[in-house]
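Working notes, beginning with the structure itself.
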2 protein chains.
Amino acid sequence: MARPTLASLARELAVSRQTISNVLNAPHKVKPATRERIQAAIEAAGYRPSAAARQLRTQRSMNFGMRLLPATDGINGAVLDRFLHALTEATQAAGYRLTLFCADSDSDEIRQYEELLDVAGLDGFILTSSTPDDARTRWLQERGTPFAVFGRPWDSAGRPTSGSHSWVDVDGAAGTEQAVQMLLEQGHSRIGFLGWYTGNPVGADRRRGWQRAMDAAGHRRDVPDLSVEAEETVAGGASGAALLASRGATAIVCSSDSLALGAMEKLRELRPGTGRPAVVGFDNTPVAAALGLLSVAQPVEEAARHIIRVLTYELASNGTAGAATPATNPPDRQLLLAPHVVERIPLPLAPTGIRQA
Amino acid sequence: MARPTLASLARELAVSRQTISNVLNAPHKVKPATRERIQAAIEAAGYRPSAAARQLRTQRSMNFGMRLLPATDGINGAVLDRFLHALTEATQAAGYRLTLFCADSDSDEIRQYEELLDVAGLDGFILTSSTPDDARTRWLQERGTPFAVFGRPWDSAGRPTSGSHSWVDVDGAAGTEQAVQMLLEQGHSRIGFLGWYTGNPVGADRRRGWQRAMDAAGHRRDVPDLSVEAEETVAGGASGAALLASRGATAIVCSSDSLALGAMEKLRELRPGTGRPAVVGFDNTPVAAALGLLSVAQPVEEAARHIIRVLTYELASNGTAGAATPATNPPDRQLLLAPHVVERIPLPLAPTGIRQA
DNA sequence: CGCACAAATTTGATCGATCAAATCTGTGCG
DNA sequence: CGCACAGATTTGATCGATCAAATTTGTGCG
């Protein structure tokens with residue numbers, strides 16, 4: 001027994017293809033009695049319209065594309081992992097599908113866009129990072145392809161801009177600011193910042209939050225002394241922490257969990273027996289969770305859901321061009337989400353159950 | 001200027017659609033002179049056949065599906081991450097595309113298969129884990145859908161079987177065996193095993209390798225004493241290590257990096273100043289790399305490539321049913337890859353460059 | 001009753017490719 | 001010259017849906 005098609009089902013029910021099609025796509029056009037009869041038959045036969053045939057006619061693939069970035073670090077890759085998972089779920093819930101692809105550079109990524117648009121007819125793309133003066137977003141905008149970015153656009157000087165395309169981002173500065181405030185409340189005043197070497201604008205943003213909070217607390221003169229940049233590794237974090245400690249820092253806010261991990265180990269080594277060092281990481285990766293490290297958590301699941309909301313809204317309104325009443329409020333095309341510091345019980349933990357094998 | 005189609009290009013070149021189609025799909029049927037002229041025109045016009053139209057006619061989507069598992073642990077999730085990346089690359093290189101989806105249970109996964117097969121016409125699936133007596137593989141086999149599994153099939157007693165479907169796996173027992181041998185060479189003899197609580201067959205397999213190596217080295221009578229099971233967390237690892245240490249273990253082989261991490265911390269605490277504890281983890285996750293932990297590394301990239309090799313081979317020979325000469329040797333439908341222990345310089349590392357911000 | 005007009009349903013064309021069969025070209029050879 | 005036959009190319013149908021337009025059915029009302 002072959003898969004039912006519109007034609008085969010229509011024959012069985014003694015109605016036309018179009019009527020069945022209308023039951024699925026424009027139910028209000030079909031008389032209620034007929035509609036119910038056909039709906040029942042659709043369920044009974046397990047009929048599902050072919051996406052390929054539909055795409056051929058409508059020029060819509062109901063398919064989004066996303067580049068899978070090469071796992072740079074691995075520790076921090078966990079953030080993208082959670083993002084990807086939430087994105088897949090949201091895509092599915094919206095009735096779309098998600099196609100993954102790889103690219104070995106940003107220009108190759110553009111080549112892939114072109115190919116995927118021509119061949120597979122993808123309806124839109126999700127980008128998971130943005131660079132200053134991004135060539136990819138420019139290309140997509142010129143071509144008029146729907147897309148949304150997880151990450152704010154940055155101007156060529158590396159400062160956040162608003163841009164004209166859709167994006168969602170997490171307010172890194174707000175995160176580090178919150179971390180500093182928490183440490184101030186705990187009685188710290190010499191709070192260091194441990195960031196990245198590279199001119200990465202995301203890192204600069206996180207540093208700004210620390211600086212803002214220090215300024216506000218009246219520690220402006222300490223800022224130059226207490227800010228250090230290191231290589232994005234555990235070892236880099238250890239070295240940076242040593243330097244900050246030598247300058248009298250009693251607490252450290254970091255740009256990443258890798259740095260924070262190194263910093264924590266180093267402080268523990270320098271001041272043994274003083275309990276968990278006051279170190280806050282960024283991204284709340286599984287490692288931080290496993291080791292009881294405080295960390296600033298990004299609401300990536302919320303970000304992913306919003307991205308899909310924006311994309312699907314845009315695609316839906318493209319179709320209904322003209323004088324259509326927007327049933328729902330348009331989602332913000334540019335949204336900055338607030339992160340929060342995750343509190344944790346310090347290690348070592350109470351022993352958990354073990355068993356003889 | 002709209003995207004060129006077979007028809008529009010044919011008109012321009014004053015040839016028929018079919019001839020252009022043949023240039024792409026059966027070049028030998030076209031006279032060399034014509035072929036070159038058309039090939040040049042295809043490039044110049046940037047013509048790319050529409051996947052939807054092709055799929056409608058050929059009933060092939062050139063698309064694989066894979067379920068994205070909910071990130072259980074996070075630390076060990078990194079293995080699937082690397083696998084996914086390699087898989088995406090291999091899929092792309094083979095001229096296919098990869099569709100991701102989520103499911104909240106194995107039975108829901110089957111429902112998703114059904115839907116994706118009907119709607120999107122996927123050509124095959126990649127499964128990333130297998131359970132004893134797996135309902136999903138049974139369903140796919142009954143339906144005759146091509147698929148390949150990363151992970152051996154297990155019988156209902158949890159012992160590895162060969163099954164009748166395609167799979168690739170990493171020989172966990174060989175990995176732990178190698179780890180024991182390395183530790184024996186380093187002079188250890190009381191080598192403990194720290195595994196999982198759960199009846200997970202993967203864990204049982206890893207334990208078997210340790211046991212085999214201990215038997216072979218003449219330490220059979222120590223086996224009952226030196227095998228402990230704990231919860232799959234860092235804290236669990238610490239507790240388990242404490243117990244093993246109390247029984248005189250000088251080295252520990254673990255089922256995961258999470259356990260190994262906990263074990264390392266605990267041994268360091270129990271025996272300060274004796275250098276890096278002799279602990280070996282499993283999966284060579286980024287955390288292990290960051291912390292200088294020894295670990296058994298799975299060749300996941302090779303596994304991913306092989307899975308695609310198997311799937312594409314199967315699909316290619318399905319098409320050429322009958323008396324076709326297999327141009328290439330068929331790839332092994334069931335393949336067990338050997339892992340290896342990753343050697344590492346013990347932490348703390350030499351200080352790396354830092355800089356004043 | 002019959003006409004206008006809206007609602008419900010059907011028909012034929014189309015999206016862009018490939019398949020199978022038909023037609024056209026060219027070459028060798030009696 | 002003409003016929004057979006392989007090679008090259010073209011033609012018409014088809015995959016399974018939706019669109020736009022045509023047709024049928026139903027309702028209200030003078």
Side-chain angles (χ1 to χ4, degrees), chain A residues 2-39 41-42 45-63 95 117-123 319-321, chain B residues 2-39 41-42 45-63 95 117-123 319-321:
Chain A
R3 211 165 79 73
T5 69
L6 220 44
S8 78
L9 237 184
R11 219 172 306 122
E12 267 183 51
L13 290 172
V15 295
S16 68
R17 303 181 312 268
Q18 190 61 41
T19 302
I20 306 186
S21 172
N22 282 340
V23 168
L24 293 169
N25 302 313
H28 65 275
K29 288 187 182 169
V30 182
K31 190 163 66 165
T34 326
R35 191 197 309 155
E36 277 156 38
R37 186 170 68 97
I38 293 179
Q39 244 150 7
I42 288 177
Y47 168 71
R48 290 197 185 93
S50 144
R54 198 171 247 181
Q55 176 183 352
L56 188 59
R57 183 73 250 230
T58 61
Q59 307 288 20
R60 284 283 187 87
S61 65
M62 300 305 281
N63 218 306
L117 285 168
D118 281 358
V119 172
L122 295 197
D123 292 333
T320 341
Chain B
R3 208 166 80 75
T5 67
L6 220 44
S8 78
L9 200 63
R11 219 174 304 122
E12 267 183 52
L13 289 171
V15 295
S16 69
R17 302 180 316 266
Q18 188 61 42
T19 302
I20 307 186
S21 172
N22 283 338
V23 167
L24 292 169
N25 301 314
H28 64 277
K29 287 188 183 169
V30 182
K31 192 163 63 166
T34 325
R35 191 197 308 156
E36 276 157 36
R37 185 168 69 97
I38 293 179
Q39 243 150 10
I42 287 176
Y47 168 71
R48 290 199 186 92
S50 145
R54 201 171 242 184
Q55 176 183 351
L56 188 57
R57 184 71 250 230
T58 61
Q59 308 288 19
R60 284 283 187 88
S61 64
M62 300 305 282
N63 218 305
L117 285 169
D118 281 357
V119 173
L122 296 198
D123 292 334
T320 341

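Just so we're on the same page: letters track the sequence lines, and every chain starts at 1. Keep in mind the model is a prediction, meaning the values are calculated, not measured.
- One interatomic measurement links the two molecules: CZ of B/Arg57 to P of D/dA17, which rounds to 15 Å at whole-angstrom precision.
- Residue B/Thr19 is in base contact, counting any heavy-atom pair closer than 4.0 Å across all strands shown.
- The CG-P distance, from A/Leu6 to D/dT14, rounds to 17 Å in whole Å.
- Closest to the side chain of A/Thr58, out of D/dT10, D/dG16, D/dT18, is D/dT18.
- The interatomic distance linking A/Arg60 (CZ) with C/dG16 (C1') rounds to 19 Å, in whole Å.
- Look at A/Thr34 and you won't find any side-chain N or O under 4.0 angstrom from OP1 or OP2 of C/dA8.
- A/Thr19 has its side chain out of reach of A/Leu13: every pair of non-hydrogen atoms, C-beta onward, lies at least 4.5 Å apart.
- The separation between B/Asn22 atom CG and D/dT10 atom C1' is 10 Å, rounded to whole Å.
- Distance from the side chain of B/Val30 is smallest to D/dT9 among C/dA17, C/dT9, D/dT9.
- The side chain of B/Tyr47 lies closest to C/dA17, out of C/dT9, C/dA17, D/dT9.
- Among the heavy atoms of the strands, none lies under 4.0 Å from A/Gln55.
- Across every non-hydrogen atom of B/Asn25 and B/Arg54, the tightest pair is OD1-NH2, 3.4 Å.
- Proximity of A/Gln55 to A/Asn63: side-chain heavy atoms (C-beta onward) are nowhere separated by under 4.5 Å.
- When all heavy atoms of A/Gly46 and B/Asp118 are compared, the pair lying nearest together is O-OD2, 4.4 Å.
- Between the CD atom of B/Gln18 and the P atom of C/dC19 there is a distance of 8 Å, rounded to whole Å.
- Remark: A/Ser16 is in phosphate contact with C/dT10, judged by side-chain N or O atoms under 4.0 Å from OP1 or OP2.
- Side-chain nitrogen and oxygen atoms of B/Asn25 include at least one within less than 4.0 Å of the OP1 or OP2 phosphate oxygen of C/dT18.
- Nearer to the 5' terminus of DNA chain C, by closest-nucleotide assignment, is the contact made by A/Leu56 (compared with the other of B/Lys31 and A/Leu56).
- Counting distance only, with no hydrogens placed and no angle test, the side-chain atoms of B/Arg17 and the base atoms of C/dT18 include a donor-acceptor pair under 3.5 Å.
- Straight-line distance from the CG atom of A/Asp118 to the P atom of C/dA17: 10 Å, rounded to whole Å.
- Rounded to a whole Å, the CZ atom of B/Arg54 is 17 Å from the C1' atom of D/dT14.
- Here B/Arg35 lies out of heavy-atom contact (under 4.0 Å) with every strand.
- One finds no side-chain N or O of A/Ser21 lying less than 4.0 angstrom from the OP1 or OP2 phosphate oxygen of D/dA17.
- Side-chain atoms of A/Thr5 and A/Ser50, non-hydrogen and from C-beta on, never get closer than 4.5 Å to each other.
- For B/Leu9 and C/dT18, the CG to C1' distance is 16 Å, given to the nearest whole Å.
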